[in-house]
Amino acid sequence: MKKVFALLCIVGVVYPYYYIFKFIETNNWQWSTSLFFEQINQNYAMNILNADLTIAATSFLIFLIYRLRVKAIKKNQFIKYLASLFIVGFSLALPLYLYDNYKKNN
C-alpha cells in the first residue's frame with residue numbers, strides 16, 4: 001500500500017502542474033492571476049469542483065492542526081504537510097500524509 005501512496009504523491013505533483021504548464025502555454029507563456037481565477041470560476045461545474053476541493057483541503061488542514069496540538073505529529077511533519085498543501089495542493093498533501101502514517105496490520 002505504501003507504494004500506491006508514493007505513486008499518488010508523484011501523480012499528485014505531476015498532474016496538477018501539467019495543467020498549470022498548459023495554462024501558461026495557452027496564454028503565450030505569461031502568468032495571469034486574474035485570468036486564472038476568471039477561467040477557474042467560469043461555470044457551475046467548476047464551482048462544484050472548487051467548493052469540494054476547498055472543503056476537503058480545509059478539513060485536512062484543520063485535521064493537521066489538531067494532530068499537531070495533541071502531539072500526534074511533530075512540528076517538522078506539520079510544516080512538511082502544510083508546505084505540500086500550499087505549494088502543490090491537496091493532491092500531494094493527503095497521499096504524503098497517508099504514506100508517512102501507513103502502518104501495515106499484518
Side-chain angles (χ1 to χ4, degrees):
M1 197 65 189
K2 266 189 109 133
K3 290 179 184 177
V4 172
F5 293 139
L7 178 63
L8 288 171
C9 286
I10 294 166
V11 173
V13 173
V14 172
Y15 200 54
Y17 275 90
Y18 169 78
Y19 286 105
I20 290 173
F21 173 79
K22 295 306 277 180
F23 172 77
I24 295 170
E25 180 183 42
T26 302
N27 293 296
N28 299 319
W29 301 104
Q30 293 183 353
W31 177 260
S32 171
T33 303
S34 61
L35 182 61
F36 177 80
F37 284 106
E38 178 186 318
Q39 289 182 359
I40 204 166
N41 292 308
Q42 249 178 359
N43 58 50
Y44 291 119
M46 286 305 301
N47 288 338
I48 291 167
L49 294 174
N50 292 338
D52 186 53
L53 186 57
T54 300
I55 297 299
T58 303
S59 299
F60 184 66
L61 179 60
I62 291 167
F63 173 74
L64 287 176
I65 293 168
Y66 168 76
R67 298 284 288 171
L68 180 66
R69 292 197 69 190
V70 298
K71 301 191 187 324
I73 60 173
K74 296 176 183 170
K75 191 174 186 177
N76 62 343
Q77 290 175 306
F78 175 78
I79 293 169
K80 175 174 65 171
Y81 304 132
L82 190 67
S84 65
L85 183 62
F86 285 101
I87 293 172
V88 176
F90 190 54
S91 62
L92 171 62
L94 181 61
L96 182 60
Y97 178 85
L98 294 173
Y99 177 84
D100 287 348
N101 292 283
Y102 178 76
K103 293 179 183 151
K104 194 172 183 180
N105 290 333
N106 297 336

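Model, not experiment: these values are computed from the prediction.
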(message) Contact between Leu35 and Phe23 at the side-chain level, heavy atoms closer than 4.5 Å - yes or no?
(response) yes
(message) Is any side-chain heavy atom of Leu96 closer than 4.5 Å to one of Leu8?
(response) no
(message) I'd like to know whether CZ of Phe60 has more than 12 heavy-atom contacts from other residues, nucleotides or ligands below 6.0 angstrom.
(response) yes
I'd like to know if [Y] and [X] are part of one continuous hydrophobic network [Ile/Leu/Val/Met/Phe/Trp/Tyr, side-chain heavy atoms within less than 4.5 Å].
{"X": "Trp31", "Y": "Phe21", "value": "yes"}
{"X": "Tyr66", "Y": "Ile73", "value": "no"}
{"X": "Tyr44", "Y": "Leu53", "value": "no"}
{"X": "Phe37", "Y": "Ile24", "value": "yes"}
{"X": "Val14", "Y": "Ile20", "value": "no"}

Drop me the distance from [X]'s [atom1] to [Y]'s [atom2], to the nearest 0.5 angstrom.
{"X": "Leu64", "Y": "Tyr81", "atom1": "CG", "atom2": "OH", "value": "8.0 Å"}
{"X": "Met1", "Y": "Tyr99", "atom1": "CE", "atom2": "OH", "value": "13.0 Å"}
{"X": "Asn101", "Y": "Phe5", "atom1": "CG", "atom2": "CZ", "value": "10.0 Å"}
{"X": "Thr54", "Y": "Leu49", "atom1": "OG1", "atom2": "CG", "value": "10.5 Å"}
{"X": "Gln39", "Y": "Thr26", "atom1": "CD", "atom2": "OG1", "value": "8.0 Å"}
{"X": "Ser84", "Y": "Ile79", "atom1": "OG", "atom2": "CD1", "value": "12.0 Å"}

(request) Say whether, by atom type as modelled, one donor and one acceptor occur between the side chain of Asn50 and the main chain of Ile40 under 3.5 angstrom. (result)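 Yes, the answer is positive, given that a donor and an acceptor are paired below the 3.5 Å cut-off.
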(message) Donor-acceptor pair, distance only, cut-off 3.5 Å: does the side chain of Asn28 make one with the backbone of Gln30?
(response)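 Checked: no pair found.
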(request) Using side chain to side chain contact (heavy atoms under 4.5 Å, CB included) as the criterion, list what pairs up with Val11, not counting sequence neighbours. (result) Leu7, Tyr15
(request) Starting from the C-alpha separation in whole Å, work towards a yes-or-no answer on side chain to side chain contact (heavy atoms under 4.5 Å, CB included) for Ile65 and Phe78. (result) CA-CA 8 Å; Ile65 293 168; Phe78 175 78; 3.9 Å; yes
So, for [X] and [Y], which heavy atoms are closest and what is the spacing to 0.1 Å?
{"X": "Gly12", "Y": "Ser91", "answer": "O-OG, 2.6 Å"}
{"X": "Pro95", "Y": "Cys9", "answer": "C-SG, 3.6 Å"}
{"X": "Ile87", "Y": "Tyr17", "answer": "O-OH, 2.8 Å"}

(message) Taking salt bridge (charged side-chain N to carboxylate O under 4.0 Å, His left out) as the cut-off, I'd like each qualifying pair that reaches into residues 55-76, sequence neighbours left out, listed once.
(response) none
(message) My understanding is that only one of Leu94, Val88, Leu92 makes a side-chain contact (heavy atoms from CB on, under 4.5 Å) with Phe90; could you say which?
(response)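 It is Leu94; the other options fail the test.
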(message) For Leu61 and Phe86: C-alpha separation, side-chain torsions, deciding distance, then whether side chain to side chain contact (heavy atoms under 4.5 Å, CB included) applies.
(response) CA-CA 10 Å; Leu61 179 60; Phe86 285 101; 4.2 Å; yes
